[in-house]
Asks: 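The following block contains the structure, expressed as structure tokens.
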There are 2 protein chains.
Amino acid sequence: MIYSSELIKGTLKTIVLKLLEDNNRMYGYEITQRVKELTKDRIQITEGALYPTLHVLEQDGLVTTELEYNGKRARKYYSLSAEGKSMTKEKVNELADFMETMKFLLDIKTGIA
Amino acid sequence: MIYSSELIKGTLKTIVLKLLEDNNRMYGYEITQRVKELTKDRIQITEGALYPTLHVLEQDGLVTTELEYNGKRARKYYSLSAEGKSMTKEKVNELADFMETMKFLLDIKTGIA
DNA sequence: AAAGATACATAAGATTCCAATGCATTAGAC
DNA sequence: GTCTAATGCATTGGAATCTTATGTATCTTT
């Protein structure tokens with residue numbers, strides 16, 4: 001199952017922040033591959049969605065960047081700022097809470113039937 | 001906690017379909033109030049979001065409508081069509097699956113390890 | 001009789017994502 | 001050794017979806 005794109009909307013920023021919290025620093029392409037791998041291809045973050053999101057996070061001061069070269073190939077590493085770290089906690093908590101509410105709304109019995 | 005609007009995006013259609021599945025038929029205003037009540041004010045569906053969504057569902061043949069009058073006040077009742085019922089199951093399953101995936105993603109402590 | 005709740009609806013704008021495209025480097029296949 | 005696929009950055013036009021604001025009208029409560 002590949003999730004319809006509308007479901008991804010609104011969660012992308014939180015996913016990116018959480019990955020950065022767990023991994024200290026990552027570059028864009030790495031993020032797309034990690035998400036694909038972790039979700040067994042169910043969530044495919046396109047570059048057209050990711051890069052604008054990363055740039056917004058940077059403009060908002062939630063992440064800092066370091067440009068590094070692996071040979072001649074540039075990699076732009078992103079790391080959480082202090083503000084980004086607290087924002088990550090907020091966003092993750094909000095999403096967890098939201099999912100509980102949705103679960104109740106949809107009367108979904110997960111795991112144990 | 002009131003969820004940021006971006007979280008609601010993409011789930012509205014599924015919420016509406018599920019409510020119609022549970023309640024046989026409902027009218028627009030009733031849906032906004034029911035969601036507000038069920039989520040203890042955490043999710044507020046605005047009419048500007050709901051009515052276009054309902055109209056799309058109708059155009060797609062997922063719901064049928066009956067206009068009724070309570071005195072002189074019109075109420076437009078929405079009911080799931082056969083197609084709407086199977087779509088509801090699909091959408092609810094997809095959202096449940098998505099939430100499990102998100103839960104896993106957000107629980108990750110370290111990238112490798 | 002005024003105000004708030006009920007009930008429908010639309011329109012302009014913002015946000016956010018997708019699909020497509022472009023450029024460049026590196027690794028692997030043949 | 002050359003060609004293709006993968007890696008890595010990025011932008012653009014367009015589509016979809018929601019928000020805010022507005023409009024009309026009825027019913028209920030004070």
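Labels below follow one simple rule: chain letters A, B, ... track the order of the sequence lines, proteins then strands, and each chain is numbered from 1.
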Asks: Check the pair B:Leu105 / A:Lys18 against side chain to side chain contact (heavy atoms under 4.5 Å, CB included), numbers first and verdict last.
Replies: CA-CA 8 Å; B:Leu105 258 191; A:Lys18 176 63 178 170; over 6 Å; no

Asks: Measure CD/B:Gln59 against P/D:dT17 and give the value in whole Å, please.
Replies: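 To the nearest whole Å, that distance equals 12 Å.
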
Asks: For A:Leu50 and D:dT7, give me the distance from atom CG to atom P, rounded to whole Å.
Replies: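 Rounding to the nearest Å, CG of A:Leu50 and P of D:dT7 are 15 Å apart.
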
Asks: A:Glu68 CD to D:dG8 P: how many Å, rounded?
Replies: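 In whole Å, D:dG8 P and A:Glu68 CD are 13 Å from each other.
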
Asks: I'd like to compare against my own output: the B/S/- annotation of nucleotides 4-17 of chain C with a strict under-4.0 Å heavy-atom distance to protein.
Replies: --BSBBB----BSS

Asks: Measure NZ/B:Lys72 against C1'/D:dC27 and give the value in whole Å, please.
Replies: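 Distance, rounded to whole Å: 12 Å.
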
Asks: Among all residues two or more places apart in sequence or in another chain, which pass the side chain to side chain contact (heavy atoms under 4.5 Å, CB included) test with A:Ala96?
Replies: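 Not a single residue meets the side chain to side chain contact (heavy atoms under 4.5 Å, CB included) criterion with A:Ala96.
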
Asks: Grab the CD1-C1' distance between B:Ile2 and D:dC18 for me, whole Å please.
Replies: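 So the two atoms are 16 Å apart, to the nearest Å.
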
Asks: Between C1' on D:dG8 and CD on A:Glu66, what's the gap in Å once rounded to a whole number?
Replies: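 Atom CD in A:Glu66 sits about 17 Å away from atom C1' in D:dG8.
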
Asks: Would you kindly give the CD1-to-C1' distance between A:Ile31 and D:dA10, to the nearest whole Å?
Replies: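 Going from CD1 in A:Ile31 over to C1' in D:dA10 covers 15 Å.
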
Asks: Going by ring pair (Phe, Tyr, Trp, His ring centres under 6.0 Å), name the residues that satisfy it together with A:Tyr77, two or more places apart in sequence or in a different chain.
Replies: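 By the ring pair (Phe, Tyr, Trp, His ring centres under 6.0 Å) rule, A:Tyr77 matches A:Tyr27.
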
Asks: What residues, two or more places apart in sequence or in another chain, satisfy side chain to side chain contact (heavy atoms under 4.5 Å, CB included) together with A:Thr65?
Replies: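 Testing A:Thr65 for side chain to side chain contact (heavy atoms under 4.5 Å, CB included), a comparison that skips the adjacent residues, returns A:Glu58, A:Lys76, A:Tyr78.
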
Asks: Please name all residues satisfying side chain to side chain contact (heavy atoms under 4.5 Å, CB included) with B:Asp60, sequence neighbours left out, ordered by chain then number.
Replies: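 Side chain to side chain contact (heavy atoms under 4.5 Å, CB included) list for B:Asp60, sorted by chain: B:Val56, B:Leu62.
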
Asks: Can you measure B:Leu7 atom CG to D:dT19 atom C1' for me and round it to whole angstrom units?
Replies: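 Checked: the CG to C1' distance equals 15 Å.
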
Asks: Going by the rule ring pair (Phe, Tyr, Trp, His ring centres under 6.0 Å), which residues pair with A:Tyr3 if we only count those two or more places apart in sequence or in a different chain?
Replies: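 For A:Tyr3 the ring pair (Phe, Tyr, Trp, His ring centres under 6.0 Å) partners, ignoring immediate neighbours, are B:Phe98.
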
